[in-house]
Participant: 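After the structure tokens below, expect a handful of questions from me.
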Amino acid sequence: MIPLITLSHGSRKKSAAAGITALTHEAGRMLETPAVEAHLELAEPSLDQVVATLSAEGVTRAALVPLLFSNAYHAKIDVPEAVKDASEKYGVELLVGPHLGTGSDVASVLAQRLRADAPTDAHVILYSVGSSHVSANESVIDLAHTIALLTGFSVEVVPATGGPGAGGAGVIEVASKHKAVHILPLFVTEGLLLDRVIDQSANIAAATGTNFTYSEPLTTDLAPLVAARYHAALSALLAHI
């Protein structure tokens, strides 16, 4: 069996890794293949550590799925560099599948979560990390439009980073215009950027008079998508058959 490696960005919040572990184990269970998580930074194990362990176990090939929603710096620069370094260092072929992205399958997962969690009268904030890449931010806006079409909710994007209109200030600005607001996180797992808003939910509600609710990060809801991207990574092998 070709093992699965999930590669997350990593978080300074130690408990965030548990969500990545749960997602990775569930995807591995669905695929019936060994699965292990790695992180680009801020958490362990690193991709280098994971590939070193697999190599010591006699593994020569693994499929890697980046747990990233946007096709920005981490997806374009950090992931390829980390993959190249680890692969060359340990002689393990890493078949890289598509990142999570912001396509229709991600929209379906978010729509399902939204239907389950949000009050019917809520205006929805799709809360994303944010990016310095315009195209990445535009893809999240497109995702919000798709979720709105799937669910009938009004949905707009507030990024956690990016200047005016971002973070807690952006959430408060939106909340002040609506009687009910629901935060739908575009996050794989928990993290400090998300905490900065969720931890202030009671204060935001008090300051704006808004009924303020929120969903949890997606974690294991993403397992079928990770499994699909694992299969996409392996499809590269078919070209050599």
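Count residues from 1 along the sequence. Bear in mind the structure is a predicted one, so any value in this text is a computation, not a measurement.
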Participant: Is there side-chain contact between Gln112 and Asp221, with heavy atoms separated by less than 4.5 Å?
Facilitator: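 The answer is no; the side chains never approach within 4.5 Å.
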
Participant: State, with a plain yes or no, whether a side-chain heavy atom of Val83 is found less than 4.5 Å away from one of Val79.
Facilitator: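 Yes, side chains in contact.
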
Participant: Donor-acceptor pair, Ser87 side chain versus Val92 backbone, under 3.5 Å?
Facilitator: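 Pair found, side chain donor or acceptor close to backbone of Val92.
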
Participant: For the residue pair Glu37 and Thr21, confirm or rule out a side-chain donor-acceptor distance under 3.5 Å.
Facilitator: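 Yes - a donor-acceptor pair under 3.5 Å links their side chains.
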
Participant: For Ser176 versus Glu173, what's the shortest heavy-atom pair and its separation?
Facilitator: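 It is OG-O, 2.7 Å.
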
Participant: With a 4.5 Å cut-off on side-chain heavy-atom distances among I, L, V, M, F, W and Y, is there a chain of contacts connecting Leu194 to Ile204?
Facilitator: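 Leu194 and Ile204: one cluster.
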
Participant: Apply side chain to side chain contact (heavy atoms under 4.5 Å, CB included) to Phe187 and Leu193, showing your working.
Facilitator: CA-CA 10 Å; Phe187 281 69; Leu193 287 176; 4.3 Å; yes

Participant: Out of curiosity, does Leu23 fall in the hydrophobic cluster containing Leu186 (side-chain heavy atoms, cut-off under 4.5 Å, transitive links)?
Facilitator: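 Per the 4.5 Å side-chain linkage, Leu186 and Leu23 are co-clustered.
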
Participant: Leu40 and Ala82: which non-hydrogen atoms are nearest, and at how many Å?
Facilitator: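 So the two residues come closest at CD2-CB, 4.1 Å.
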
Participant: What distance separates His25 NE2 from Thr6 OG1, expressed to the nearest 0.5 Å?
Facilitator: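 Here the interatomic distance stands at 8.5 Å.
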
Participant: So if you build clusters from Ile, Leu, Val, Met, Phe, Trp, Tyr with side-chain heavy-atom gaps below 4.5 Å, do Ile20 and Tyr230 land together?
Facilitator: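 Both belong to a single hydrophobic cluster.
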
Participant: Looking at side-chain heavy atoms only, is the closest gap between Val188 and Leu100 below 4.5 Å?
Facilitator: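 When only atoms from C-beta onward are counted, Leu100 and Val188 do touch, with a gap below 4.5 Å.
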
Participant: Would you say that Asp121 contacts Lys179 through its side chain, given a criterion of any heavy-atom pair below 4.5 Å between the two side chains?
Facilitator: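 No, their side chains stay 4.5 Å or more apart.
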
Participant: Going through the distances and angles, do Val226 and Leu4 end up as a side chain to side chain contact (heavy atoms under 4.5 Å, CB included)?
Facilitator: CA-CA 9 Å; Val226 172; Leu4 162 69; 4.0 Å; yes

Participant: For Arg12, is the CZ atom crowded, meaning more than 12 foreign heavy atoms sit under 6.0 Å from it?
Facilitator: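 No, not enclosed.
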
Participant: Have Glu41 and His9 got a donor and an acceptor in their side chains that come within less than 3.5 Å?
Facilitator: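 A pair is found: one side chain offers a donor N or O, the other an acceptor, under 3.5 Å apart.
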
Participant: Check residues 59-69 and write down every donor-acceptor pair under 3.5 Å in which the side-chain atom is one partner and the other belongs to a residue at least two apart or another chain.
Facilitator:
unit_1: Arg61; atom_1: NE; unit_2: Glu93; atom_2: OE1; d: 2.8
unit_1: Arg61; atom_1: NH2; unit_2: Glu93; atom_2: OE1; d: 3.1

Participant: Can you list every ring-ring contact (aromatic ring centres under 6.0 Å, His included) pair that touches residues 193-223, not counting sequence neighbours?
Facilitator: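 As it turns out, there is no ring-ring contact (aromatic ring centres under 6.0 Å, His included) pair with a partner in residues 193-223 once direct neighbours are skipped.
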
Participant: Taking side chain as C-beta onward, heavy atoms only, is Leu234 less than 4.5 Å from Ile2?
Facilitator: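 Yes. Closest side-chain heavy atoms under 4.5 Å.
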
Participant: To check you understand the geometry: which heavy-atom pair defines the closest contact between Gly162 and Ala166, and what is its length?
Facilitator: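 Smallest interatomic distance, heavy atoms only, reads N-CB, 3.9 Å.
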
Participant: Which pair of heavy atoms, one from Thr213 and one from Pro119, lies closest together, and at what distance?
Facilitator: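 Taking every non-hydrogen atom into account, OG1-CD, 3.4 Å.
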
Participant: Between Arg29 and Glu26, does at least one N-O distance fall below 4.0 Å, as a salt bridge requires?
Facilitator: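 Yes, Arg29 and Glu26 are salt-bridged.
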
Participant: If you apply the rule side chain to side chain contact (heavy atoms under 4.5 Å, CB included), what do you find for Asp85 with Asp48, and how did you get there?
Facilitator: CA-CA 8 Å; Asp85 290 346; Asp48 185 274; over 6 Å; no

Participant: Is there a chain of hydrophobic side chains (I, L, V, M, F, W, Y, each step under 4.5 Å between heavy atoms) that links Val106 to Phe153?
Facilitator: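 Yes: a chain of side-chain contacts under 4.5 Å links Val106 to Phe153.
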
Participant: If only atom types and distance count, is the side chain of Thr210 paired as donor or acceptor with the main-chain N or O of His178 below 3.5 Å?
Facilitator: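 Answer holds: yes.
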
Participant: Identify each donor-acceptor pair in which a side-chain atom of residues 142-150 lies under 3.5 Å from a protein atom, sequence neighbours left out, and give them as a table.
Facilitator:
unit_1: Thr146; atom_1: OG1; unit_2: Asp142; atom_2: O; d: 3.1

Participant: Would you name the heavy atoms of Val50 and Ala38 that are closest together and state the gap between them?
Facilitator: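 Where Val50 meets Ala38 most closely, the heavy atoms are CG2-CB, 3.8 Å.
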
Participant: Look at the side chain of Thr161 and the backbone N and O of Val129, then say whether any donor-acceptor pair between them is shorter than 3.5 Å.
Facilitator: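 Answer holds: yes.
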
Participant: Locate the shortest heavy-atom distance separating Ser11 from Glu190; write the atom from each residue and the value.
Facilitator: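 Ser11 and Glu190 have their closest heavy atoms at OG-O, 4.4 Å.
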
Participant: Using modelled atom types only, decide if a donor and an acceptor are shared between the side chain of Ser55 and the backbone of Val51 within a distance under 3.5 Å.
Facilitator: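 No.
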
Participant: Side-chain contact, heavy-atom cut-off 4.5 Å: Leu114 with His182?
Facilitator: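 The answer is yes; the side chains approach within 4.5 Å.
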
Participant: Honestly curious: do Val109 and Val157 fall in one hydrophobic cluster under the side-chain, below-4.5 Å linking rule?
Facilitator: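 Per the 4.5 Å side-chain linkage, Val109 and Val157 are co-clustered.
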
Participant: May I ask you to test the Val140-Asn137 pair for a side-chain heavy-atom distance under 4.5 Å?
Facilitator: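 No - every pair of side-chain heavy atoms lies 4.5 Å or more apart.
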
Participant: Passes side chain to side chain contact (heavy atoms under 4.5 Å, CB included), Leu184 versus Val155? Steps please.
Facilitator: CA-CA 9 Å; Leu184 182 64; Val155 185; 5.8 Å; no

Participant: With a 4.5 Å limit on heavy-atom distance, are the side chains of Ile5 and Leu54 in contact?
Facilitator: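 In short, these two side chains touch, coming nearer than 4.5 Å.
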
Participant: When rounded to the nearest 0.5 angstrom, what distance separates CG in Leu222 from OG1 in Thr189?
Facilitator: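 Going from the CG atom of Leu222 to the OG1 atom of Thr189 covers 10.0 Å.
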
Participant: Does the Thr208 side chain pair with the main chain of Ile172, one donor and one acceptor, at a distance under 3.5 Å?
Facilitator: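 Side chain of Thr208 to backbone of Ile172, a donor-acceptor pair under 3.5 Å: no, none is there.
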
